[in-house]
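Encoded as C-alpha cells, the structure appears first; notes follow it.
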Amino acid sequence: MFKDAIALEELMGDNIRNVIIIGSGPAGYTAGLYTARAMLEPLMFAGYMSGGQLMLTSDVENFPGYPKGIGGPEMMMELREQAERFGLEVQDRNVDRVDLSERPFKVYSEGEEYLTHAIIVSTGAESIWLGVEGEEEQKGRGISTCATCDGAFFKEQEVLVVGGGDSAMEEATFLTRFASKVTLVHRRDVFRASQVMYDRAANHEKIEIKTFRQVKKWLSDDSGLTGAVLEDPRDGSTEEIALSGAFIAIGHTPITGFLEGQLETDEEGYLIHRDHTMTNVSGVFAAGDVVDTRYKQAITAAGLGCQAAIDCERWLEENEH
Ligand SMILES: Cc1cc2nc3c(=O)[nH]c(=O)nc-3n(C[C@H](O)[C@H](O)[C@H](O)COP(=O)(O)OP(=O)(O)OC[C@H]3O[C@@H](n4cnc5c(N)ncnc54)[C@H](O)[C@@H]3O)c2cc1C
C-alpha cells in the first residue's frame, strides 16, 4: 500500500503544481511575481474580473512608483506583465471549487482538475453597490466605494455618502477635508454606527445628515455625475439633489463562496490568518482584501501578496516539495 502511494505520487509528480494563485488583483499579481522569481512556476487563475477591482477605476494616485498617477486598468496590465516576465502562467478563468481535504490539493476550473501542493487565495472583497439606474456608467468615475482612494478628486465640490454604519461616518468625515459639502443619506433613522462616530459626523459643519432617504436614480451628463434623485421609503416621495461625487459605504462581501466553508472565516466571511499568512489549512495562504477588514488598499493588498508568497515558499521548502 505504502509503495503504491509512492508510485502514485511519482506518477502524478509532473502534474502537481507547486502553487496555484486564485485571483488577479494587486495581491495575486504580487504573489505571482514573488513565487515566479523564486522559481516555483506558479499558475494563476485570474477569475471573472481579470485585474481585480482597480479595473473599475480611472485614476490611481496613491500607489508608489507612479508620480503622475496611472489608470487602474493600465496599472494592472503592468503588474501582470511584470509577473509574467518571470514566468507566472495566467489562465483567465474562474475557479469553481477546491478540495482541501487531502494533499495534493485539488482546484477545479471549467470542468478540469488541477493538483497543487500549495494555494494562495487572493479573491478580494467586492464592494456592495446600490444597483440603481445610472450607476453602472459612473462606477469608478463620479461614484466610488472608497473615500481614501477617490476623495481628493472632489476638492471644493458637493458629494453624497450613502450608509448608516461606522464606515459611512468615517468616509463622510474624511471627505470634509476636500469637499465643500457632504450630504449623508440613510434609509432609516436608526444608525448602526457607534455613537462617537455618529456624533463626529453629525456635529461637523460641512456634513448634513438626511434620514429616510435612499438613492432612486443617479443623474449625469457628458461632464460626469450631476446629481441624484432621493426617495423617502415611507411614502415614495422624491427630491433631487445636485452633486459631483458620491460614495457608497454600505459594506463589502469577501469572495469565498467557491471555498464552500473549507477555510475558517470571521462572521462577515473574511478569511482568517492562523500562522502569519497561512489559513487554518496547512499549505493554503490568503492575501489581500479577502482577509483585510480594515485597510482595503492596492498597496496593502500587494504587501499581503508578498508576505503570502514568502510564507508559501518557506512552507514548500520545509515540507520538501
Ligand atoms: C472604484 C474603486 C476604486 C479604487 N481606487 C483605489 C485607489 O485609487 N487606490 C487604492 O489603493 N485602492 C483603490 N481601491 C481598492 C483596491 O482596488 C483594492 O483594495 C484592491 O484591488 C484589492 O486587491 P486584491 O488583490 O485583494 O483583490 P481584487 O483587486 O478585488 O481582485 C480579486 C481578484 O479575484 C478574482 N476572483 C474572484 N473570485 C475568483 C474565483 N472564483 N476564481 C478565480 N479568480 C477569482 C477576480 O477576478 C479578481 O481578479 C479601489 C476600489 C474600488 C472598487
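Worth saying up front: this structure is predicted, and the values here are computed from it rather than measured. Residue numbers start at 1 and run along the sequence shown. Heavy-atom basis, side chains included; hydrogens, waters and symmetry copies ignored. In each ligand, atom 1 is the first atom listed, and ligand 1 is the first ligand listed.
Of the N or O atoms in Ala46, one or more lie within a sub-3.5 Å distance of an N or O in ligand 1. Checking only distances, Val95 does come within under 3.5 Å of ligand 1, N or O to N or O. Residue Ala27 has at least one nitrogen or oxygen atom sitting less than 3.5 Å from a nitrogen or oxygen atom of ligand 1, judged on distance alone. Checked by distance only, ligand 1 and Ser24 come closer than 3.5 Å through their nitrogen or oxygen atoms. Residue Asn62 has at least one N or O atom closer than 3.5 Å to an N or O atom of ligand 1.
Ring pair Phe174/Phe247: centre-to-centre distance not below 6.0 Å.
When heavy-atom distances to ligand 1 are checked against a 4.0 Å cut-off, Ser109 has no atom that comes that close, whether in backbone or side chain. Only the side chain of Ile255 comes within contact range of ligand 1, with a heavy atom under 4.0 Å; no backbone atom does. At a 4.0 Å heavy-atom cut-off, ligand 1 touches Asn94 through backbone and side chain alike. When non-hydrogen atoms are compared, ligand 1 lies under 4.0 Å from neither the backbone nor the side chain of Phe63.
Atoms CD1 and CD1, from Ile250 and Ile128 in turn, are 6.0 Å apart once rounded to the nearest 0.5 Å. Rounded to the nearest 0.5 Å, atoms OG (Ser180) and CD (Glu158) are 4.5 Å apart.
Distances from atom 21 (O) of ligand 1 to the heavy atoms of Ala298, Pro26, Gly25 show the closest one on Pro26. Considering Cys149, Gly140, Gly52 only, the shortest heavy-atom separation from atom 50 (C) of ligand 1 involves Cys149.
Shown in contact with Gly288 at under 4.0 Å from a heavy atom are these atoms of ligand 1, numbered in order with element: 26 (O). If you number the atoms of ligand 1 from 1 as listed, the ones under 4.0 Å from a heavy atom of Gly23 come out as 33 (C), 34 (O), 35 (C), 44 (N). Near Lys296, meaning under 4.0 Å from any of its heavy atoms, are these atoms of ligand 1: 15 (C), 19 (O). Against a heavy-atom cut-off of under 4.0 Å, Thr57 is close to the following atoms of ligand 1: 3 (C). Atom numbering of ligand 1 starts at 1 in the shown order; those under 4.0 Å from a heavy atom of Phe45 are 43 (C), 44 (N). Listed by atom number, the atoms of ligand 1 under 4.0 Å from Ser122 heavy atoms are 32 (C), 33 (C), 34 (O). Shown in contact with Met49 at under 4.0 Å from a heavy atom are these atoms of ligand 1, numbered in order with element: 46 (C), 47 (O), 48 (C), 49 (O). For ligand 1 and Phe258, the ligand atoms under 4.0 Å from any heavy atom of the residue are 41 (N).
At the shortest separation from atom 37 (C) of ligand 1 among protein heavy atoms lies Tyr48 CE2, 3.4 Å. Nearest to atom 27 (O) of ligand 1 among the protein's heavy atoms is Gly124 CA, 3.5 Å. Considering only non-hydrogen protein atoms, atom 36 (N) of ligand 1 sits nearest to Thr123 CG2, 3.8 Å. From the protein, the heavy atom lying nearest to atom 20 (C) of ligand 1 is Asp289 OD2, 3.9 Å. The protein heavy atom nearest to atom 28 (P) of ligand 1 is Gln53 N, 3.8 Å. Protein heavy atom in closest approach to atom 43 (C) of ligand 1: Gly47 CA, 3.4 Å.
Shortest non-hydrogen contact noted between Leu40 and Asn18 is O-ND2, 3.0 Å.
Residues Val281 and Gln262 form no side-chain contact, since every pair of their non-hydrogen atoms from C-beta on lies 4.5 Å or further apart. You'll find the side chain of Met44 reaches within 4.5 Å of the side chain of Tyr29, heavy atoms only. Inter-residue side-chain proximity for Ile209 and His186 is flagged as unmet; no heavy-atom pair is nearer than 4.5 Å.
Salt bridge present: Lys106 and Glu102 bring a charged side-chain N and a carboxylate O closer than 4.0 Å. With respect to Lys181 and Glu208, a salt bridge is recorded, a charged nitrogen being found less than 4.0 Å from a carboxylate O. Checked for salt-bridge contact, Arg80 and Glu84 meet the test: a charged N lies under 4.0 Å from a carboxylate O.
At least one heavy atom of Asp150 sits closer than 4.0 Å to an atom of ligand 1.
Around the CD atom of Glu81, the shell of radius 6.0 Å holds no more than 12 heavy atoms that belong to other residues, nucleotides or ligands. The number of heavy-atom neighbours closer than 6.0 Å to NZ of Lys296, taken from other residues, nucleotides and ligands shown, is above 12.
In summary, the side chains of Asp311 and Gln307 do not present any donor paired with an acceptor at a separation below 3.5 Å, with no hydrogens or angles considered.
The aromatic rings of Tyr66 and Phe63 sit tilted relative to each other, their planes meeting at an angle between 30° and 60°.
Test Val19, Asn15, Ile20 against Arg17 for side chain to side chain contact (heavy atoms under 4.5 Å, CB included) and you get one pass: Ile20.
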